[in-house]
Amino acid sequence: PTVGVQDCFIDNICREDGEFLTYRESRRVTHTSLCQLCDPLESSTEWSVGSDYLLVEGEFPPNDCANVTDPPEDSPIDPVVEVSPTDPTVTSPDPPMTTNNTVSEEDSSLSGAAIIGIATGAVVGCGLIIIALKIRFTSKGKKDLHHGGEKPLEVDLA
């Protein structure tokens with residue numbers, strides 16, 4: 001591999017020319033960026049942004065890119081507001097809210113190993129409770145261990 005010519009070295013990993021940034025949301029879900037890619041002629045150590053896109057700071061793929069050719073209402077970026085340094089009444093807009101808090105039905109289910117682990121724990125727990133109760137209630141009927149199980153000697157002093 002030739003870094004800077006055919007490859008990039010990003011986040012301590014060699015990347016091939018044209019390889020896109022990926023984001024692993026969970027074990028089963030991996031998202032690929034639409035705009036961040038390895039372009040060794042532009043940068044051999046950082047992700048480059050495709051020419052038709054703007055990078056959305058603080059967002060993960062697939063919401064990390066805004067297509068500059070899309071109409072403004074489809075773009076996730078708020079329009080730029082010109083702020084005059086001499087006008088104290090002008091304030092910048094609030095940062096955009098992200099609504100990426102949805103969990104797919106696939107992610108909310110438990111794996112087979114997790115279900116087996118829960119069931120095993122429940123069975124072992126119930127078994128320990130049964131053993132503890134059995135020991136507790138059967139020890140009440142046993143002979144008194146302090147006197148060797150014999151009745152104390154009674155002496156008539158009269």
Side-chain angles (χ1 to χ4, degrees), residues 1-140:
T2 50
V3 175
V5 178
Q6 296 175 336
D7 299 301
C8 301
F9 190 68
I10 304 171
D11 299 327
N12 293 325
I13 299 173
C14 284
R15 312 283 183 165
E16 293 183 7
D17 185 11
E19 182 178 337
F20 284 88
L21 167 72
T22 57
Y23 169 69
R24 189 171 180 181
E25 180 181 335
S26 66
R27 289 183 183 185
R28 296 180 182 162
V29 180
T30 300
H31 300 285
T32 302
S33 175
L34 298 175
C35 67
Q36 294 189 71
L37 71 149
C38 165
D39 184 356
L41 299 179
E42 187 174 326
S43 173
S44 62
T45 59
E46 299 289 329
W47 294 107
S48 302
V49 178
S51 60
D52 292 339
Y53 293 94
L54 293 174
L55 183 63
V56 179
E57 293 295 327
E59 291 291 331
F60 295 107
N63 300 321
D64 61 331
C65 305
N67 190 332
V68 294
T69 60
D70 284 345
E73 58 269 6
D74 292 338
S75 175
I77 299 178
D78 286 341
V80 175
V81 176
E82 294 293 327
V83 178
S84 169
T86 58
D87 185 5
T89 60
V90 177
T91 59
S92 62
D94 291 334
M97 297 287 291
T98 59
T99 57
N100 233 3
N101 297 333
T102 59
V103 176
S104 69
E105 186 176 315
E106 182 177 292
D107 289 340
S108 64
S109 64
L110 294 174
S111 69
I115 293 170
I116 290 171
I118 291 169
T120 302
V123 169
V124 169
C126 288
L128 290 174
I129 291 172
I130 290 170
I131 291 170
L133 291 174
K134 186 174 181 178
I135 290 171
R136 170 77 176 138
F137 289 114
T138 57
S139 66
K140 283 187 174 182

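On a predicted model such as this, the values are computed, not experimentally measured, just so you know.
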### Query
Mind checking what makes side chain to side chain contact (heavy atoms under 4.5 Å, CB included) contact with Val124, not counting sequence neighbours?
Thr120, Leu128
### Summary
For Thr22, the side chain to side chain contact (heavy atoms under 4.5 Å, CB included) test, sequence neighbours excluded, returns Thr30, Thr32
### With sequence neighbours excluded, residues passing side chain to side chain donor-acceptor pair (under 3.5 Å) with Ser33
Asp64
### Task
With sequence neighbours excluded, give me every salt bridge (charged side-chain N to carboxylate O under 4.0 Å, His left out) pair touching residues 32-47.
none
### Task
For the pair Asn67 (side chain) and Thr69 (backbone), establish whether a donor and an acceptor sit closer than 3.5 Å, ignoring hydrogens and angles.
yes
Starting at [atom1] of [X], measure out to [atom2] of [Y] and round the result to the nearest 0.5 Å.
X     : Y     : atom1 : atom2 : result
Asp17 : Asp7  : CG    : CG    : 7.5 Å
Cys65 : Leu55 : SG    : CG    : 6.5 Å
Leu34 : Asp52 : CG    : CG    : 11.5 Å
Ser44 : Arg15 : OG    : CZ    : 13.5 Å
Leu41 : Ser48 : CG    : OG    : 9.0 Å
Asn12 : Thr45 : CG    : OG1   : 11.0 Å

### Task
Any ring pair (Phe, Tyr, Trp, His ring centres under 6.0 Å) involving residues 13-59? Give me the pairs, sequence neighbours left out, ordered by first then second residue.
Tyr23-Phe60
### Query
Does the SG-to-SG distance between Cys14 and Cys8 fall under 2.5 Å?
no
### Shortest non-hydrogen separation from Leu54 to Val68 and the atoms involved
CG-CG1, 3.4 Å
### Query
Are Glu25 and Arg28 close enough, and set up right, to give a side chain to side chain contact (heavy atoms under 4.5 Å, CB included), and what steps lead you there?
CA-CA 8 Å; Glu25 180 181 335; Arg28 296 180 182 162; over 6 Å; no
